[in-house]
Amino acid sequence: MQSRAERLSGYRRVLETRHPDTPPDRLRELAVDTVRPVRLWTARNPNTPPDALALLVIDQDEHVRWNAILNPGVPTDALRPAAELEARMHGDASFLFRERVAHHPNVSDELGAELIEAGTCRRPRGCPKPWFYRNFFETART
């Protein structure tokens, strides 16, 4: 069982990740924190650097991965490993995460086409960019 000081320390780190002025170097440190909510909110922070997002989008925790994939700052080269992770974990039983990868603003044309051809998209013709990428920065700061 955690002590009160340990719980407060984790809570303070969560608050730090939610602050829009947290420096990128600090967000890199917080991206590998052992406390799940710290990593989750680091994934949502619009200032989280691409290399930290590349770790978060393949995090062992599904909720952290989901929050990371919604961040438009995830680098192009991190999207394929993220899609492959879901494929290994769920096979053809679930394409939800890979659909987000297929529509991510930084997805390469090649990977996007591969994912759509594999059936990950529910709207394969003229798939619009989902609204959550346009609104991400507004919701991440609240």
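Computed from a predicted model, the values in this text were never measured in an experiment. We number each residue from 1, following the sequence as shown.
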Does Asn71 reach the main-chain N or O of Asn67 with its side chain, forming a donor-acceptor pair under 3.5 Å?
no

Is the side chain of Thr76 donor-acceptor paired with the backbone N or O of Asn106 at a distance under 3.5 Å, no angle test?
yes

Is there a donor-acceptor pair under 3.5 Å between the side chain of Thr120 and the backbone N or O of Phe95?
no

For Gln60, side-chain contact (heavy atoms from CB on, under 4.5 Å) partners two or more places apart
Arg39

Same cluster for Val32 and Val14 if Ile/Leu/Val/Met/Phe/Trp/Tyr side chains link at under 4.5 Å?
no

Take Arg26 and Glu29 through the test salt bridge (Lys or Arg N to Asp or Glu O under 4.0 Å) and record every step on the way to the result.
CA-CA 5 Å; Arg26 180 63 177 144; Glu29 294 171 12; 2.7 Å; yes

ILVMFWY network linking Tyr11 to Leu27, side-chain heavy atoms under 4.5 angstrom:
no

Could you go through Ser9 and Arg13, starting from their C-alpha distance and side-chain angles, then the distance that decides it, and tell me whether this counts as side chain to side chain donor-acceptor pair (under 3.5 Å)?
CA-CA 6 Å; Ser9 175; Arg13 291 193 311 276; 2.7 Å; yes

Same apolar cluster (I L V M F W Y, side chains within < 4.5 Å links), Leu15/Val64:
no

Specify the closest pair of heavy atoms between Pro50 and Pro75, including all atoms of both residues, with the distance to one decimal.
O-CD, 3.4 Å

Using a 4.5 Å cut-off on heavy atoms from C-beta on, say whether the side chain of Leu55 contacts that of Asp51.
no

Mind checking whether Leu40 and Trp66 sit in one hydrophobic cluster, side chains of I, L, V, M, F, W, Y counted as touching below 4.5 Å?
yes

Minimal non-hydrogen separation, Leu53 against Ala43, with atom names:
CD2-O, 3.8 Å

For Ala54 versus Ile58, what's the shortest heavy-atom pair and its separation?
O-CG1, 3.5 Å

Distance-only, no hydrogens or angles: does the His104 side chain make a donor-acceptor pair with backbone N or O of Gly112 under 3.5 Å?
no

Over all atoms of both residues, closest heavy-atom pair of Leu79 and Val101:
O-CG1, 3.8 Å

Hey, does the side chain of Thr22 reach the backbone of Glu16 with a donor-acceptor pair shorter than 3.5 angstrom?
yes

Rounded to the nearest 0.5 Å, what separates atom CG in Asn45 from atom OG1 in Thr48?
4.0 Å

Would you confirm whether Asn47, through its side chain, and Pro20, through its main-chain N or O, come within 3.5 Å as a donor-acceptor pair?
yes

Interatomic spacing from CG in Leu30 to CG in Asp25 - rounded to 0.5 Å
11.0 Å

Give me the atom names and distance for the closest heavy-atom approach of Asp21 to His19.
N-ND1, 3.0 Å

Which pairs of donor and acceptor atoms, one on a side chain in residues 81-88, lie under 3.5 Å apart (sequence neighbours left out)?
| from | atom 1 | to | atom 2 | distance (Å) |
| --- | --- | --- | --- | --- |
| Glu86 | OE1 | Arg98 | N | 3.0 |
| Glu86 | OE1 | Arg98 | NE | 2.6 |
| Glu86 | OE2 | Phe97 | N | 3.0 |

